[in-house]
Number of protein chains: 2
Amino acid sequence: MSHSRDDCEFLQLHPHIVEQVQAELPSEAEQGELAELFRMFADPTRLRILTVLQVSDMCVCHIAEVLGMTVSAISHQLRLLKNARLVTARRVGKSVIYSLADDHVRVMMKNGEDHVRE
Amino acid sequence: MSHSRDDCEFLQLHPHIVEQVQAELPSEAEQGELAELFRMFADPTRLRILTVLQVSDMCVCHIAEVLGMTVSAISHQLRLLKNARLVTARRVGKSVIYSLADDHVRVMMKNGEDHVRE
DNA sequence: CTAATAATTGAATGATTGTTCAACTGTTTG
DNA sequence: CAAACAGTTGAACAATCATTCAATTATTAG
């Protein structure tokens with residue numbers, strides 16, 4: 001590190017602020033989980049899948065058709081969304097129908113949209 | 001594509017569902033902006049920076065110290081957060097003090113935390 | 001049982017990205 | 001002015017990741 005701790009003059013005026021703030025921070029494990037959750041919404045394809053499922057439950061085949069992508073690509077992303085408990089799957093005959101896991105997903109997306117609209 | 005549109009029997013029962021759902025979807029530009037917003041929260045370091053700034057405005061030097069990372073690494077991430085209008089910067093002497101841009105950031109994070117806690 | 005449809009999976013590939021390092025710009029102090 | 005501090009920036013590197021392709025599982029129809 002070219003900047004070591006003692007380089008900062010400001011720190012000498014507030015010698016305890018670093019420890020104080022550190023004490024208030026959530027654990028790294030919690031932050032990691034939170035980052036993983038946001039990461040699910042951070043990819044355009046996953047976001048579009050979630051948007052589609054807000055309109056209607058759908059089989060993989062339909063989702064792929066709506067988004068103009070391969071079934072394989074969609075299936076890979078659905079697996080991530082399912083592992084993150086953002087969607088659930090139920091089998092109906094040969095098809096597997098995916099749904100949003102709960103309303104929290106809608107809230108998260110609505111919140112993001114509000115911020116984008118400034 | 002190994003699965004073409006006409007392969008799906010379900011589609012023949014609901015021939016217009018794809019077009020109906022497509023018509024309700026937001027534009028790709030909107031979805032892209034939304035994904036970019038979520039991407040800012042999707043990295044542990046950026047998330048920790050935002051958490052630190054929730055406790056107190058801080059100079060780059062302090063943030064680096066609290067998180068145990070180099071000033072350079074923090075500065076790179078702060079640039080992304082500033083471009084996304086999630087933080088603002090003001091110069092005070094030799095230091096640059098960073099702050100959360102607005103309360104929307106807090107809302108977004110609180111929402112994510114609620115979902116992580118199930 | 002065989003053929004066809006629906007979906008999943010693993011490996012490979014190309015693109016993106018977070019951190020490091022070194023060089024650089026601003027600001028203050030002597 | 002020169003020296004020191006605070007922060008920024010660009011290139012390079014390693015790691016992560018989304019998509020493709022091919023092979024495979026599961027279900028249904030003939």
Side-chain angles (χ1 to χ4, degrees), chain A residues 1-14 31-32 35-36 38-50 57-84 87-98, chain B residues 1-14 31-32 35-36 38-49 57-65 67-84 87-98:
Chain A
M1 268 196 263
S2 64
H3 297 252
S4 76
R5 168 154 190 186
D6 300 333
D7 287 344
C8 184
E9 293 170 333
F10 223 58
L11 257 174
Q12 275 139 36
L13 296 175
H14 307 286
Q31 292 283 83
E36 260 195 72
F38 280 119
R39 198 164 60 77
M40 289 301 112
F41 296 91
D43 174 72
T45 297
R46 285 192 294 269
L47 210 47
R48 289 166 78 209
I49 291 175
L50 293 173
D57 293 1
M58 264 196 199
C59 64
V60 182
C61 180
H62 278 137
I63 301 171
E65 177 60 24
V66 169
L67 300 185
M69 298 180 62
T70 65
V71 168
S72 177
I74 300 300
S75 182
H76 277 295
Q77 299 303 337
L78 282 169
R79 186 167 54 83
L80 295 178
L81 292 171
K82 197 168 67 174
N83 289 346
V87 304
T88 60
R90 63 181 193 277
R91 186 172 266 283
V92 177
K94 278 181 287 194
S95 300
V96 177
I97 310 293
Y98 281 86
Chain B
M1 268 194 262
S2 62
H3 297 253
S4 77
R5 168 154 193 189
D6 300 332
D7 288 344
C8 185
E9 293 170 334
F10 224 58
L11 257 173
Q12 274 139 36
L13 296 174
H14 305 287
Q31 292 284 82
E36 261 194 73
F38 281 119
R39 198 163 60 79
M40 289 302 113
F41 296 91
D43 173 72
T45 298
R46 284 192 293 269
L47 211 47
R48 291 165 78 209
I49 291 175
D57 293 1
M58 263 195 199
C59 64
V60 182
C61 180
H62 277 137
I63 300 172
E65 178 59 26
L67 301 185
M69 298 181 63
T70 65
V71 168
S72 177
I74 299 300
S75 181
H76 276 296
Q77 298 303 340
L78 283 170
R79 185 166 56 83
L80 296 177
L81 292 171
K82 197 167 68 173
N83 289 345
V87 304
T88 59
R90 63 180 192 277
R91 187 173 264 285
V92 176
K94 276 181 288 193
S95 300
V96 176
I97 311 294
Y98 280 86

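Lettering of chains follows the sequences in order, A, B, ..., and the numbering in each one begins at 1.
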Using atom [atom1] of [X] as one end and atom [atom2] of [N] as the other, report the distance to the nearest whole Å.
X       : N      : atom1 : atom2 : result
B/Ile49 : C/dG18 : CD1   : P     : 11 Å
A/Arg48 : D/dA18 : CZ    : P     : 14 Å
B/Arg91 : C/dG26 : CZ    : P     : 9 Å
B/Lys94 : D/dA4  : NZ    : C1'   : 7 Å
A/Lys82 : C/dT8  : NZ    : C1'   : 9 Å
B/Met69 : D/dA6  : CE    : P     : 19 Å
A/Leu67 : D/dT19 : CG    : C1'   : 14 Å
A/Ile74 : D/dC17 : CD1   : P     : 18 Å

- Item | Side-chain (A/Arg91) to main-chain (A/Lys94) donor-acceptor, under 3.5 angstrom | yes
- Message: Please check: side-chain N/O of A/Arg39 versus main-chain N/O of B/Phe41, any donor-acceptor pairing under 3.5 Å?
- Response: no
Tell me whether the OP1 or OP2 atom of [N] has a side-chain N or O from [X] closer than 4.0 Å.
X       : N      : answer
B/Tyr98 : D/dA6  : no
A/Gln77 : D/dC17 : no
B/Arg39 : C/dT17 : yes

- Query: Does one side chain, of B/Arg48 or A/Gln31, offer a donor that lies under 3.5 Å from an acceptor on the other?
  - Reply: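 There is no such pair between these side chains.
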- Could you pull out the closest heavy-atom pair between B/Arg46 and B/Met40, with the gap in Å? NE-O, 3.0 Å
Quick one: which protein N/O atoms are closer than 3.5 Å to N/O atoms of nucleotides 9-12 of chain C? Pair and distance per line, please.
from	atom 1	to	atom 2	distance (Å)
C/dT9	O4	A/Ser72	OG	2.9
C/dG10	O6	A/His76	NE2	2.8

The side chain of [X] lies closest to which of these nucleotides: [options]?
X       : options                : value
B/Val71 : C/dT27, D/dT8, D/dT28  : D/dT8
B/Ser95 : D/dG7, D/dT19, C/dT20  : D/dG7
A/Ala73 : C/dT27, D/dT19, D/dA18 : D/dT19
A/Thr70 : D/dT20, D/dT27, C/dG18 : D/dT20

- Could you walk me through whether A/Val87 and A/Leu50 pass the side-chain contact (heavy atoms from CB on, under 4.5 Å) check? CA-CA 8 Å; A/Val87 304; A/Leu50 293 173; 3.8 Å; yes
- Message: The test is side-chain contact (heavy atoms from CB on, under 4.5 Å); show your working for B/Phe38 and A/Leu47 and say whether it passes.
- Response: CA-CA 10 Å; B/Phe38 281 119; A/Leu47 210 47; 4.2 Å; yes
- Message: As a quick check of understanding, evaluate side-chain contact (heavy atoms from CB on, under 4.5 Å) for A/Val96 and A/Arg90, giving each step before the final call.
- Response: CA-CA 6 Å; A/Val96 177; A/Arg90 63 181 193 277; over 6 Å; no
- Message: Let me spell it out: for each of A/Asp43 and B/Val60, pick the nucleotide of DNA chain D with the closest heavy atom. Which residue's pick is nearer the 5' end?
- Response: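 It is B/Val60 whose nearest nucleotide is closer to the 5' end.
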